[in-house]
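Below is one structure, written out as C-alpha cells, with a few remarks after it.
Since we're looking at a predicted model, the values are computed, not measured. Letters A, B, ... are given to chains in the order of the sequence lines, protein chains preceding strands, and every chain is numbered from 1.
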Amino acid sequence: MSDPFDDFPGFEPAAPRAGGGIAACALAAMHGGAPDFLSALNPEQRAAVETTEGPVLVLAGAGTGKTRVLTARIAHILAQGLARPHQILAVTFTNKAAREMRERIGALIGGEAEGMAWLGTFHAISTKILRRHAELAGLKSNFTILDTDDQIRLLKQVLRAENIDEKRWTARTLAFLIDNWKNRGLSPKTVPAGEAGAFANGKGGALYALYQERLKILNAADFGDLLLETLRVFRENPDVLREYQGRFKYLLVDEYQDTNAVQYLWLRLLAQRQAGAANEITPAQKPNLCCVGDDDQSIYGWRGADVDNILRFEKDFPGAKVIRLERNYRSTGHILAAAAHLIAHNRDRLGKTLFTDGEDGEKPEVSGVWDSEEEARVIGEEIEQLQRKGHSLDQVAILVRASFQMREFEERFITLGLPYKVIGGPRFYERLEIRDALAYLRCTAQPADDLAFERIVNTPKRGLGEASLQIVHDHARRQRIPLMQAARILIETEELKPKQRSTFRALLSDFDRWASQIGQKPHHELAEQILEESGYTDFWKQDKSAEAEGRLENLKELVRSMEEFPDLGAFLEHVSLVMDADAADGGERVSIMTLHGAKGLEFETVFLPGWEEGLFPHQRSLDENGRAGLEEERRLAYVGVTRARRRAKIYFATNRRIHGLWQTTTPSRFLDDLPAAHVQVTENRASGSGYGAYAQSRFANMDAFGSRYDTPGWKRAQQNGPGGRAPRTIEGEVLGKSSPGSAFSPGDRVFHLKFGPGAVAAVDGSKLTIDFDKAGRKLVLDSFVEKKSS
DNA sequence: ATTGTTGAGCTTTTT
DNA sequence: GCTCAACAAT
C-alpha cells in the first residue's frame, strides 16, 4: 500500500544515528527547531502527538494521517525521554498494522524501535503476558494456540462425548457461541443462563465448561482465551496486574472503534494506573492512554467490536481530550463530499466532516448495468482504458461486498488477459499443506499436541486408519495421556495389528529422532528434513493435480520463512498468531477484494460494484441487526468510497443471480444517500436495461427506494423452534481410573472386546499377558479388558 | 481406503 | 444452482 505520508519530508535517516536516535532527536529539539517528525504535522495532528499526558481520543477520519500521528507520538515520547521503548504499550488489531507501525517508527528514530517489546496485536501481547503467568490460568507456559480449525475439531469431540446430535447442534454453531461469549468477556460461570440454555437443550453452558476443561488438559488456548485468560489473571492476581500497570507509562491503541468487550476490559485494567510508589499519596493518576480510531469506519460489529467503546470514551476516562482529524490528504473534493454526505445519514456517530484543500477532481460516477456479467465486462473495459492511458494497475481496485462477487471479475479478467490479484483468499497458514507441515513440526516440538498428531498420523497415507486410531484414542482417553504417549505404550502390546504396530513404531521413532535434533541443527533444515523423511514432500510430488506444484512451492516458502526466527518454538508461536505471506508477485495487478479487506488501503481508482438492495446493504445485516446493521453497512459504503484518491465508480445491476436464481434487484438505498451535486449518474451503458428511469427519478424522489424493501424469497426460516425431542442425558463413558497397582492378578477371568474371554497369565504393571480361549496368548493393556466378576 | 451420493447452507474475518 | 462436507458403498 502506498500512502503519501509514508516518508516524512525532509527527514534524513542517515544523519543523526550516532549514539542512538533518541539522543540525536532530543538534541534536535533543543536546538530550537522541532524535530522533523513534528514540524511536518498539521496543528491538530501535532496536538495529538504532543498531548502526551492524560487520556486522549483521536478521531481520525479516513485519510487524515492516523498512522502518522501514532508513530510520531511514539517517536516524540521517546525523543523527549518520557519513557523507554519497553515502557510503551502500543496495540493494534492486525499483525500487518503492527509490522507497519514498527517499520515507520524505525524510520523516524532508528534502531530504538527494536526495543519496543510491547508493540503488537492484542493477541500477541496477551500471549506474551499469559506465557509468563500461565500457571495462574491453569496452563503451562508452552501452551499451544489453537486456530479455528483445531477448535472445531475439539468441539466435535466434546459434542460426541456428550452424545449430542451433531446434525442439529453443530460444532460450528457452538464455536460461534463460545467465541461470542469470550469476546464479551464471559467465562462458563458468567454466561447468562438464558444464552447458555439456548444450545442443545440447555447444555450450552456445560459444553462451554467442558470445552475449557479439555483445553486445559491439552495445555491449549484458543484465540479468545488469549485475552480472556489474561484478563482473568489480571483480575485474580492484583500483584501481577500492578506489575504491568506500573510497567506501561504510555498506552496507545490503534483502530479503537474495533475493540470488543474483552479488549476494552483488558485495556481499562491496564490503564488504571495506581499511584507510582506506595509512599506517595497522590490520587490515582489519569492514564496516559491514547486511543485512535474512527467511529465512521467501524465495520466489525458482527465479530464483537463495540462502537460504544469509542462513543463512550469521554465518560470512561474523565478529562479526556478529544482531538478531531478532519483534514483529508487522500481524496479529491467531490469524492470527499459524496462520502461525507453518505455517512451523514447515520445517526449513531460522533460527527466529523472531512475536508480537503485539494482540487475537486472527477465526480464519483454511478452507472447502472443489466446484470452482473455486464458489470464485469464494463469494468474490465474501463480498466483497459485506464491502462491504455498509462495508469498503473496497482492503483486500481475492485471492492465487493461479498466474496462470491469476485468470481465473475476473475473470469472476465482471465479472458481479457488482465492481470489481477485476489486479496484475502485463503490465508497462507490456513492452506492444507501448510497446516499439515506445521502439524509435523508441532508434533516434534510439542509431543502432547494431540490435534496436530491426529492431523498427520495418516497423512500421507500409511495405513493408520480410523480403526487403529480409535484404539489409541481409547487408551489415551482412559489414561488421560496424550495420543503419542498412548501409542508408545500400545506398540509394546498386541492390541494393534502387527502391521499397524510397526508403522506406529516407525513413526514414533521418526519423531524421536527429529525431536533429538532440535537445537542441534538449524530449525529450517530440520523442518526440511522432517518433511522429506516423513514422506510428505513425496506425497505432493506424486500428486498429479494442478495444485500440487503450488503446494510444494508453499512448503518451500514455509521453510524459507523459518529462517527469520531464532528457533522452532519462536516460529511456531509466530505462526499460530500470524503468517500472512504477502507473496511478492512481480508485475502490476488490479486488486480484487472485499470492502472489509480494503480498510486502511487506498487506490487512485476504485470500482464499487453491486450496489443493490439485498446485497449492499446486505439483507442479512438488516434482518439480524436492524438499524444498527444498516448503519454498519453504510459505514462500509463510506469506507469503500473513501478508499479512492481520484476516481470512484459505483455500479448497480438490474439483475443478479442470488443463490442460483436470477432476481431483479433494486438499486441500493445508499445511492440515494449520495449528494446529487457531487455525483455523475451515467446512462452510457446502452444495453437496453431499465435503469434509465432510475437515473431520472432518483434525485427527484429521494425516498423512491428507501421504504420498500421486502424480505426476499430466500430468506430462510431461521428459527428452529426450541421444541424437539427430549435431551439425551447419557453421560460420556465413565472413564476408567488409571489404577497404579494393577487391579488384575494371575488367574483372573477377563473379557477383551477383540480377543474375547481369557485368563490372566501374568501381570507387568499395566501390561497383562493373557491366555485367550480362542486367540491364544497375547500381551494386552489392562484398560482394554474387563474383569469378569465371578 | 478410495469413490460416489446426498443434503445443507449461502456476508463480512482477525487473531 | 453450486460447493463442500459427511456418510455409504465399492
Rounding to a whole Å, what distance do you find between [X]:[atom1] and [N]:[atom2]?
X: A:Q405; N: B:dC10; atom1: CD; atom2: P; value: 17 Å
X: A:I145; N: B:dT14; atom1: CD1; atom2: C1'; value: 14 Å
X: A:K182; N: B:dT15; atom1: NZ; atom2: P; value: 18 Å
X: A:I423; N: B:dT13; atom1: CD1; atom2: P; value: 12 Å
X: A:D179; N: B:dT15; atom1: CG; atom2: P; value: 14 Å
X: A:L630; N: B:dT11; atom1: CG; atom2: P; value: 18 Å
X: A:W266; N: B:dT15; atom1: CH2; atom2: C1'; value: 13 Å
X: A:R172; N: B:dA8; atom1: CZ; atom2: P; value: 16 Å

- Could you measure between the two P atoms, the one in B:dT13 and the one in C:dC2, and give it in whole Å? 23 Å

- Can you tell me how far C1' in B:dT11 sits from the matching atom in C:dA6, rounded to whole Å? 24 Å

- Message: I want to verify a distance call: between B:dT13, B:dA1, B:dT11, whose nearest atom is closest to the A:R303 side chain?
- Response: B:dT13

Identify whether the distance between the nearest side-chain nitrogen and carboxylate oxygen of [X] and [Y] falls below 4.0 Å.
X: A:R401; Y: A:E633; result: yes
X: A:R184; Y: A:D306; result: no
X: A:R412; Y: A:E373; result: no

- Message: Looking at A:Q151, is its backbone amide N or carbonyl O close enough to the side chain of A:D222 to form a donor-acceptor pair, meaning the two atoms are under 3.5 Å apart?
- Response: no

- In B/S/- notation, 5' to 3', how is nucleotides 1-10 of chain C contacted by protein heavy atoms closer than 4.0 Å? B-S--S----

- Query: If you pin A:T94 and A:E632 to their nearest nucleotides in DNA chain B, which one's is more 5'?
  - Reply: A:E632

- Item | Given DNA chain B, 5'-ward residue of the pair A:K461 and A:T594, judged by closest heavy atom | A:K461

- Message: Is it the case that B:dT12 (base atoms only) and A:R401 (side chain only) share a donor and an acceptor within less than 3.5 Å, ignoring hydrogens and angles?
- Response: yes

- Message: I'd like to know whether the aromatic ring centres of A:W302 and A:Y300 sit less than 6.0 Å apart in this structure.
- Response: yes

- Task: Verify the contact: side-chain N or O of A:S403 to OP1 or OP2 of B:dT11, cut-off strictly under 4.0 Å; return yes or no.
- Result: no

- Item | A:N95 side-chain N/O to B:dT15 phosphate OP1/OP2 under 4.0 Å | yes

- Item | ring centroid sep under 5.5 Å plus plane angle under 30, A:W302 with B:dT12 | yes

- Query: Does B:dT12 have A:H596 stacked on its base, where the ring centres are within less than 5.5 Å and the planes differ by under 30°?
  - Reply: no

- ring-ring contact (aromatic ring centres under 6.0 Å, His included) pairs, two or more places apart, involving residues 142-176 of chain A: A:W169-A:F199

- Query: Which residue pairs pass the salt bridge (Lys or Arg N to Asp or Glu O under 4.0 Å) test when at least one of the two sits in residues 653-663 of chain A, sequence neighbours left out?
  - Reply: A:E375-A:R656, A:E612-A:R656

- Is it true that atom CZ of A:R172 has more than 12 heavy atoms of other residues, nucleotides or ligands lying nearer than 6.0 Å? no

